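Inspection log for the structure reproduced underneath, given as structure tokens.
All heavy atoms count here, side chains included; hydrogens, waters and symmetry mates do not. Lettering of chains follows the sequences in order, A, B, ..., and the numbering in each one begins at 1. The model shown is predicted, which means the values in this text are computed figures rather than measured ones.
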Protein chains: 2
Amino acid sequence: MTSMAATQPSKDLSYLLDHTSHVLRTRMSAALAEIGMTARMHCVLVHAVEEERTQAQLAEIGDMDKTTMVVTVDALEKAGLAERRPSSQDRRARIIAVTEEGARVAVQSQKIVDGVHNDAVASLPEADRKALLHALNLLVEGHLATPAESPRPARRARQSK
Amino acid sequence: MTSMAATQPSKDLSYLLDHTSHVLRTRMSAALAEIGMTARMHCVLVHAVEEERTQAQLAEIGDMDKTTMVVTVDALEKAGLAERRPSSQDRRARIIAVTEEGARVAVQSQKIVDGVHNDAVASLPEADRKALLHALNLLVEGHLATPAESPRPARRARQSK
DNA sequence: TATTGTTATACTCTATAACTATA
DNA sequence: TATAGTTATAGAGTATAACAATA
């Protein structure tokens, strides 16, 4: 399966949103992959370039777990796009410093992201474009602002060796 | 992380679609969970109740892998909502027969699904409702019809024991 | 005591491969 | 040979727990 909800008797809202978001995501991944980037690397890079930020701050912005942040920063470092630098304020924290190459790539990846979005939006008749973005914004700020909390499956304690 | 894309510098299409579909999905899961159902169980159940169908046919309809279908049918059987019956046409195939209880639950779960969708759509001003559904339909049938094929990570041959 | 970043790893999800029985 | 369903399991993704350094 692709990533799907599975209902679609007559195309309902779940199907429409799941399908469009899934397809757009595959497009985005494919487009960013051409320059060796992922959506998460892009997200971290653009927010790191605009201001000095620590991993924790960048994780917060991108709504990532701190452990996910670690692997994302690892990837950026490995690609020579960013470096971990000790914070002068807090010796526990690491500032994610974007390299010159990283800054160039950030511009490039932002263009790619904008392009993918633009291609999708521009495929709609003028009148529908604003309507779509407007309605989605209303949902995001209104009825679909926050997830229903899911019955969290707890986790066993780690085996001590 | 919840399931996120991670860009959102200024809310873009990716963020809007990812966020709304994710939140709607959590709502749907939570609502269906109250009667012990999942979206997939619901999908299989409603399509199995309307006509005699095999697992393969139901998998096709729900865009599920046949192995995912196995566990979904297992769950339905365990819950007493459906049974596997040998097909009279093809002795390899199994018809998914919905029990009386299953038929009742299908009606109930459909109400839940419709309710969740309706709550979301009804939260929008009248004018925006149609506009949203219309625009999403255009995307689904047009520019966002089919996923970009992802660089499939192949799979090693299974270890023979 | 609490927090930053790290490592290790448990868990979920889904799909691939191999298998059995049919066709 | 190909297909329906099954089992086992690989692999990706992600979050939890424990830890070290520091606050």
Residue pair B:Met37 / B:Leu81: nearest heavy atoms and the distance that separates them: SD-CD1, 3.7 Å
Round to a whole Å and report the spacing from CZ of A:Arg85 to P of C:dG5. 15 Å
With rounding to the nearest 0.5 angstrom, report the CG to CG distance, B:Leu136 to A:Leu13. 7.0 Å
Without decimals, in angstroms, what is the distance between B:Arg25 CZ and C:dC13 P? 11 Å
Of C:dT6, D:dT7, D:dG5, the nucleotide closest to the side chain of B:Thr67 is D:dT7
Residues A:His22 and B:Pro147: closest non-hydrogen pair is CE1-CG, 4.0 Å
Measure CD/A:Gln57 against P/C:dT3 and give the value in whole Å, please. 15 Å
Mind calculating the distance between CG (B:Asp65) and P (D:dA10) to the nearest angstrom? 17 Å
Partners meeting side-chain hydrogen bond (donor to acceptor under 3.5 Å, both in side chains) with A:Ser109 (sequence neighbours left out): A:His42
In whole angstroms, the gap separating P of C:dT6 from CE of A:Met64 amounts to 14 Å
Is any side-chain heavy atom of A:Leu45 less than 4.5 Å from a side-chain heavy atom of A:Gln110? no
Considering only side-chain heavy atoms of A:Val70, which listed nucleotide, D:dT14, C:dT7, C:dT4, is closest? C:dT7
Pairs where residues 78-87 of chain A contributes a residue and the test side chain to side chain donor-acceptor pair (under 3.5 Å) is met, not counting sequence neighbours: A:Gln55-A:Arg84, A:Asp74-A:Arg84, A:Glu77-A:Arg84
So which atom in A:Arg27 and which in B:Ala148 form the shortest heavy-atom distance, rounded to 0.1 Å? NH1-N, 3.5 Å
Atom CG of A:Asp63 and atom C1' of D:dT14: how far apart are they, to the nearest Å? 13 Å
Separation of A:Met69 atom CE from C:dT6 atom C1', in whole Å? 14 Å
How long is the line joining NE2 of B:His22 and P of D:dT14, in whole Å? 11 Å
What does B:Thr54 touch in the nucleic acid at a heavy-atom separation under 4.0 angstrom: a base, only the sugar-phosphate, or nothing? sugar-phosphate
Give me, pair by pair, the N or O atoms of the protein and of nucleotides 20-23 of chain C that are less than 3.5 Å apart, along with how far apart they are.
residue, atom, partner, partner atom, Å
C:dA23, OP1, B:Arg91, N, 2.8

At under 4.0 Å, does any side-chain N or O of B:Arg84 touch on OP1 or OP2 of D:dT6? yes
Among the nucleotides C:dT4, D:dA4, D:dT14, which one has an atom lying closest to any side-chain atom of A:Arg40? D:dT14
